[in-house]
Amino acid sequence: MLTTTKIYLSSPHMGGSEQKFVDEAFATNWIAPLGPNVDGFEHDIQQYLGDDAHVAVLSSGTAAIHLALQLLGVSKGDEVLCQSFTFSASANPIIYQGATPVFIDSEVDTWNMSPELLEIAILDRIERYKKPKAIIAVHLYGMPYKATEINAIAKKYDIPVVEDSAEAFGSFYHGKACGTLSDLGILSFNGNKIITTSGGGALITPNETLKDKAVFLSTQARDAAVHYEHSHIGFNYRMSNVLAGIGRGQMEVLDKHVALRRKNFNFYKEHLSKYASISFLEEPDGCFSNRWLTCIKTTSFELREQIRHILLEDAIESRPLWKPMHTQPIFKDCLHFTDGTSEALFETGLCLPSGSNLSSTDLDRILNNILKTPNL
Ligand SMILES: *Cc1c(COP(=O)(O)O)cnc(C)c1O
């Protein structure tokens, strides 16, 4: 009997040198949340992002967002404006801080935070003496958000932006790397992301003092003393030197992975855009997306589900777009400024298999299945 191999949405893809760096960690006994791989990985990311980026590698992207909110002084009772169309990890750290999320809908050009709704929300909250403490904007699926507009509004009202670039390492906005478009950016190296350390993340800032503070907080906030002295509440959020070794190997193939993911997008687009019932998100001027996941928008929930089921029957994983946070049971009572954009995307959109390790045989198999959909 022929067994079909499962095709995943986005699976880890090692480049080759990862094992060498991990072996070095073992050979030198740097099995700790510090060591040459931690320093080396930070150096490599800094080199990639540009001269003014200071990087602290951490245990996860979620931890990086949590530390960013800490650094901004977000605390109990504060309100934080957050993109609704995202993964829950963008919003959860707001709750960790005892603060309250207020969700903002997306615009149709990038599927990210709408500058118009953002400003409406800020004015509303200021009028009610609840000036937001921070804004969390997300480059979803690798597509840069409208940073010029968002940053201008943030500056106008003097509210800091946390740039969730978990899905957008290798994406650029007018030539500037995503993750460096605001004072605090974050990356994720989870197993499904464009490069992975199995689990991990990073905080990025142009401000070296903030980087040092992030490292201090992420390593249990030990004051300078021979004994253990604490004047702050710390966290155990630093990245392991073993995992940073995987990261150093992955940095060697980041650009290759971006090219391969963009190639996947072009393959799907070339073969599917002739169908009126399927559309793709194009890059606005000045935007370069890493195309972390290729997403299609269909014309109905029923069609989206037909495609998903046809793929599933051949052991091919696909997934509806992110369910907006303001419609999640856990956040349903939160204030939100929405216009139906993200809800429509969730209803009709689908993420297709997008790994950089997909073979052309895999891509053909996925396409042939999609083409079996009746009434495409
Ligand atoms: C993956 C992801 C995160 C969280 O990163 P982890 O490393 O998994 O904690 C945050 N935001 C978005 C948009 C993500 O996709």
Side-chain angles (χ1 to χ4, degrees), residues 8-12 41 45 55-70 80-97 101 103-104 106 110-113 134-145 147 150 161-171 178-179 181-182 184-204 214 218 235-240 243-244 246-247 250 257 261 281 289-295 319-326 328 330-331 342 345-346 349 351 354-355:
Y8 292 94
L9 195 66
S10 177
S11 67
F41 189 29
I45 298 169
V55 177
V57 289
L58 302 166
S59 54
S60 72
T62 311
I65 298 172
H66 192 194
L67 281 187
L69 297 183
Q70 280 277 332
V80 175
L81 304 175
C82 182
Q83 186 164 318
S84 187
F85 192 44
T86 187
F87 175 47
S88 64
S90 303
N92 286 339
I94 302 170
I95 307 290
Y96 304 163
Q97 287 303 92
F103 292 109
I104 312 291
S106 293
T110 74
W111 297 357
N112 293 315
M113 185 179 271
I135 298 163
I136 301 175
V138 188
H139 305 297
L140 213 62
Y141 301 117
M143 183 64 78
Y145 59 75
I150 301 278
V161 179
V162 175
E163 185 188 353
D164 182 343
S165 200
E167 302 179 0
F169 196 20
S171 295
C178 285
L181 306 175
S182 72
L184 286 165
I186 74 99
L187 299 174
S188 167
F189 310 116
N190 204 333
N192 58 346
K193 299 298 194 316
I194 193 150
I195 66 163
T196 183
T197 58
S198 72
L203 187 84
I204 304 156
S218 73
F235 300 87
N236 185 3
Y237 278 174
R238 195 70 165 135
M239 180 179 278
S240 153
L243 302 191
I246 306 176
Q250 288 273 278
H257 285 195
R261 294 213 182 223
L281 185 61
S289 169
N290 67 7
R291 296 292 186 188
W292 172 57
L293 295 184
T294 292
C295 307
R319 193 175 299 148
L321 302 190
W322 295 121
K323 184 178 183 189
M325 289 306 114
H326 71 276
Q328 294 285 0
I330 191 68
F331 293 126
S342 60
L345 286 167
F346 171 61
C351 304
S354 302

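Since the structure is predicted, the reported quantities are computational estimates derived from the model, not experimental observations. Counting starts at 1 for both ligands and their atoms, following the listed order.
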Under 4.0 Å to a heavy atom of Ser188 - the qualifying atoms of ligand 1, by number: 1 (C), 5 (O), 6 (P), 7 (O), 8 (O)
Against heavy atoms of Ser90, which atoms of ligand 1 measure under 4.0 Å? 11 (N), 13 (C)
Can you list the atoms of ligand 1 that are under 4.0 Å from a heavy atom of Ala89? 3 (C), 4 (C), 10 (C)
Shortest non-hydrogen contact from Glu163 toward Leu181: OE1-N, 2.8 Å
For atom 1 (C) of ligand 1, the closest protein heavy atom turns out to be Lys193 NZ, 1.7 Å
Which of the numbered atoms in ligand 1 are below 4.0 angstrom from a heavy atom of Gly61? 5 (O), 6 (P), 7 (O), 9 (O)
Considering only heavy atoms, does Ala166 approach ligand 1 within less than 4.0 Å through its side chain, its backbone, both, or neither? side chain
Within the 4.5 Å heavy-atom criterion, are Tyr237 and His66 side-chain neighbours or not? yes
Which residue and atom name correspond to the protein heavy atom nearest atom 11 (N) of ligand 1, and how close is it? Asp164 OD2, 2.7 Å
Among Glu167, Arg319, Arg261, exactly one meets side-chain hydrogen bond (donor to acceptor under 3.5 Å, both in side chains) together with Ser10. Which residue is that? Arg261
Decide yes or no on ring pair (Phe, Tyr, Trp, His ring centres under 6.0 Å) for Tyr96 and Phe235, but give the supporting numbers first. CA-CA 12 Å; Tyr96 304 163; Phe235 300 87; 9.4 Å; no
Considering only protein heavy atoms, which is closest to atom 15 (O) of ligand 1, and at what distance to one decimal place? Glu167 OE2, 2.5 Å
With heavy atoms under 4.0 Å as the rule, classify the contact between Thr62 and ligand 1 as side chain, backbone, both or neither. both
CZ/Phe346: more than 12 non-hydrogen atoms of other groups inside 6.0 Å: yes
Should you measure from each heavy atom of Thr86, which atoms of ligand 1 turn up under 4.0 Å away? 13 (C)
I need the nearest protein heavy-atom contact for atom 8 (O) of ligand 1: residue, atom name and distance, please. Asn190 ND2, 2.8 Å
4.0 Å heavy-atom contact, Gly200 with ligand 1: yes
Any Thr62 side-chain heavy atom under 4.5 Å of Pro93 side chain: yes
Side-chain heavy atoms of Gln83 within contact of Asn112, under 4.5 Å: yes
Ring-plane angle category for His139 and Tyr145, please: parallel below 30°, perpendicular beyond 60°, tilted otherwise. parallel
Give the numbers and elements of all ligand 1 atoms closer than 4.0 Å to a heavy atom of Ser60. 7 (O), 9 (O)
Applying a heavy-atom cut-off of 4.0 Å, say which part of Asn192 lies close to ligand 1: side chain, backbone, both or neither. neither
Looking only at heavy atoms, what is the nearest atom pair of Phe85 and Leu345, with distance? CE2-CD1, 3.7 Å
Of Ile204, Leu187, Asn290, the one forming a side chain to side chain contact (heavy atoms under 4.5 Å, CB included) with Ser165 is Leu187
Strictly under 4.0 Å, does any heavy atom of Gly201 approach an atom of ligand 1? no
Which of the numbered atoms in ligand 1 are below 4.0 angstrom from a heavy atom of Val138? 13 (C)
